[in-house]
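Encoded as structure tokens, the structure appears first; notes follow it.
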Amino acid sequence: MERRERVILYSDLNNFFASVEIALHPELAGKPLIVCGDPKERRGIVLAKSEQAKKYGIKTAETVYSALKKCPDLVLVESHYHEYAKYSRLVTEIYYRYTDCVEECSIDECALDVTESVQLFGSGEEIAEKIRADIKRELGLTVSIGVSYNKIYAKLASDLKKPDAITVISKANYREKVFSLPVSDLLFVGKATEETLRKLGIRTIGELAVADETLLYRALGKRGRQLQIYARGEDDEPVKPAKDKDDVKSIGNSTTLVKDVTDRAEVKRWLYVLSESVSARLRDANVGRANTIHLVVRDDLLQFYSWQTKVSPTTLCGDIAKCAFELFCLHYPPGKRVRLLGITVSGFDHDVRQLTLDGVLGVGKSADYEKKKRAEDAVARIRKKYGYTTVQRGIVMEDEKARGMDIRGQKEEKFSKEKHPKQDA
Ligand SMILES: [Mg+2]
């Protein structure tokens, strides 16, 4: 018997950071506005732009200097990550009114499985409409929602019409809505894959859907087959709701740097800032130690790179930072600009305990580890009592911006197209 058709929504907040700033300061509504790290820093980059700023051709990640050339009246606003994290939570609470199956894909994007909610609230499109109206009325933000029968198409649909829009891709209309789109619109198709497919004469999603399987396999391996499944709308990956801590599989943070960085010492500093945050969250999550460190780097052309490595299990900031910096030095071309850095840890004790005996017999817990851990425990206690940024490492203290940085609310980027660098970079 065939399974009931799923109803998946993919919700993407429009110009999220800029929209939150406008919601907080209504006098800015209708003005061309950008959010940037430091408005006084002309070499800083655009983190987000308002709808009005978009009309001047201003793009995310271009320099503030170049944005100002396009629009001299541009309003520059400093970023406020705590507010964005707060709004993100408030939006998520709205989603939970309609389903408890909500996957947070990034700070401004969520996938929702509403299959079970249809009897209660109406069709997928009707639920999307209710959510759109709630978010607009209660928070003053707009959202683009894709409605489909699988996650990949729902995400694709959310990109088709912006802002403040709902797009449905159904089994009846997917050929006409999806097949003529460029293959690069498909999630997980980055520049390198696009180029490989182009060489095979595949330019559209429709062409990918009907391409010869052997050909795809030869060019891209198993991933070629997977992409074809996505193109055909046969993706059956479930929406993964965030539940209790037993389901925490990874913890990560990333940050876009105030300006592009090439200096390794500076990269190292930011890796410490990130590691502090990841390590603090790892502690709070109470999931034990992590045995895998994953580093993500984005360059000035917005290309993603990522590497990961196994380590002896740790919760220590020092270990995480050291390992991430080693990965960086080992793999990232010297002198190449860095725009974003991210660190994610996974392979927690409670996942691997039974497999490795680690943590049960105390294997790998050297005296040195215990000593460092006691020091970091003490820092964690002070921070809990007096505030996160009251104690900082020397390397972080050296930089004024890094010093006051608390990025625990900034999530790792998970479900974005450029991610999956392992295949593409
Ligand atoms: Mg968005």
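The analysis underlying the following values was restricted to heavy atoms, covering all of them including side chains, and did not include hydrogens, waters or symmetry mates. Read the numbers this way: they start at 1 and go in the same order the structure lists the ligands and their atoms. Model, not experiment: these values are computed from the prediction.
Just one residue in the list E21, K49, E51 forms a side chain to side chain donor-acceptor pair (under 3.5 Å) with N15, and that residue is E51.
Remark: the R223 side chain and the Q226 side chain contain no N/O donor-acceptor pair separated by less than 3.5 Å.
Taken to the nearest 0.5 Å, the CD1 atom of I135 stands 5.0 Å off from the OG atom of S11. With rounding to the nearest 0.5 angstrom, the CG atom of L47 is 8.5 Å from the OG1 atom of T255.
Distances under 2.8 Å from the Mg ion (ligand 1) pick out the protein N/O/S atoms D12 OD1, L13 O, D108 OD2.
Heavy-atom neighbours of Y332 OH from other residues, nucleotides or ligands within 6.0 Å: above the threshold of 12. The local environment of CZ in R97 is crowded, with over 12 non-hydrogen atoms from other residues, nucleotides or ligands closer than 6.0 Å.
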